[in-house]
Amino acid sequence: MSQDLKVLLAHPGTQYARWLAEELSRRRALSMFVTGLALGEDSIAARVLQLASSSLKARLSSRLVRRELSKHLVTFPTTELWALFRLWYGQELETVLHARNKRFQQLIRDEWIYGATHVIGFDTSSWILAERSRAIGIPFVLDRSIGHSRAKEKVYENLRGRFPEWANTIQRKDESHLEREDIEHRTAKRIVVPSAFVRDTLVEHGVAAERISVVSFGADLDLFRPNSIATPAPPVIFLYAGTLTARKGVPVLLEAWKQAKLGSNAELWLAGSGELPESASRVEGVRYLGKVPREELATLMGRAHVFVFPSFFEGLAQVQVEALVSGLPVIGTHSSGATDLVAEGETGFIVPEGSIDHLADCLTRLTCDSSLLHRLRDRCVQTRESRSWHLYGDKWFSLLKELNES
């Protein structure tokens, strides 16, 4: 029964953890949701945020939580604000986040762990929490949101050589930080990942497959909706949303776009933060939109026709799910998590990572074949109910009950 579960969910940065918190709360299985900075949807701060700039909205939109979570919510805003200040001051990202994550774990009280049947923590922010939970005798479940960091370092090494102009977007991870992630993997009773790609990278680096469960992300079906246009009018709009980095495949996308030579028949919209090399900022037919808040992204998806995300390394890029429920066919990769979402030729296409030719062919095909685009869109709309956060919550709830009974 749900009342047998009392889950302590701890994530310093919120992100998609708020959706898991809401789903556990709905099933009366949430004991506490501990995070760094969160704004209640009815709070004065949330109302003030609506008047803020688009860039600030984009930064803080993932920090908004619904009123139902207020009785479970514990925040450490000082820790998060100090980290944000250090980043604004120009300090190195990995160093700042590691310090924030360490302090966040230290602030969690022992009695909160004692009061839980399970503790859920997230990758890079749980090495201390995991060992504390094990010492107390409470099962620790690791939510691993991205592929194994040692696998990522191999990908990064290749990207630095292939795209030297983009080298400043490819950060190195300290070995001591990698070792702390190894602790998380060893200590967790179960590791939950969003895609087969993440599972494969963990198994490749020594994690037993039977300890890993795949639970793909959902999407906010109220916010992300298909538009009412049955047949899109030209030009065909291809949308990318994410940071403008080599890891996300942006240089491959721009090269494929130039190779396809679609002219006035198509446009490529890039939504996301990041500094582009000078050569990348002068590609014909490309619109650079900057970082956008979730509400504006939903609007963009309502105007676009295809979502493209040729990433070299992810967990499962949630924007792909949001695109699918908005009626957009997705061009993705195995590394973007698309193999867990996209039915080949039905809701989109999966291209090999780094292949300019395959991606250019997809761009051309979807620009030139309106009947194919229409058919893919219809199928995306038909499958949207299967991509809700409620189903994500059902899978998590079943997994936790299984652990409770084992």
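All residue numbers refer to positions in the sequence shown, counting from 1.
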Quiz item: Is there a donor-acceptor contact under 3.5 Å linking the side chains of H11 and R18?
Solution: no
Quiz item: Between atom CG of L276 and atom CG of L244, what is the distance when rounded to the nearest 0.5 Å?
Solution: 5.0 Å
Quiz prompt | Pair E353, S335: side-chain N/O donor-acceptor within cut-off below 3.5 Å | solution = yes
Self-check item: Residue pair S149 / E181, side-chain donor-acceptor N/O under 3.5 Å
Solution: yes
Self-check item: Listed partners of A135 passing side-chain contact (heavy atoms from CB on, under 4.5 Å), at least two apart
Solution: none
Self-check item: Rounded distance [0.5 Å steps], OG1 in T187 versus CZ in R132
Solution: 13.5 Å
Quiz item: Can you check salt bridge (charged side-chain N to carboxylate O under 4.0 Å, His left out) on R26 and E23, steps first, answer last?
Solution: CA-CA 5 Å; R26 182 176 288 110; E23 293 303 321; 2.7 Å; yes
Exercise. Only pairs at least two apart or in different chains count here, so list each salt bridge (charged side-chain N to carboxylate O under 4.0 Å, His left out) that has a residue in residues 319-346.
Key: R294-E322, E346-R379
Practice problem: Identify which one of E402, E210, E184 satisfies the salt bridge (charged side-chain N to carboxylate O under 4.0 Å, His left out) criterion when paired with R190. | Solution: E402
Self-check item: Y240 and F307 aromatic centres sub-6.0 Å
Solution: no
Exercise. Determine whether the side chains of E314 and S311 contain a donor N or O and an acceptor N or O closer than 3.5 Å.
Key: yes
Quiz prompt | Side-chain donor or acceptor of N227 paired with backbone N/O of G302 under 3.5 Å | solution = yes
Quiz item: Between E267 and R303, is a salt bridge (charged side-chain N to carboxylate O under 4.0 Å, His left out) present by the stated rule, with each step listed?
Solution: CA-CA 12 Å; E267 293 180 3; R303 297 174 59 192; over 6 Å; no
Exercise. Mind checking the CG-OG1 spacing from L262 to T364? Nearest 0.5 Å is all I need.
Key: 5.0 Å
Quiz item: If we ignore angles and hydrogens, is there a donor and acceptor under 3.5 Å between the side chains of S145 and D143?
Solution: no
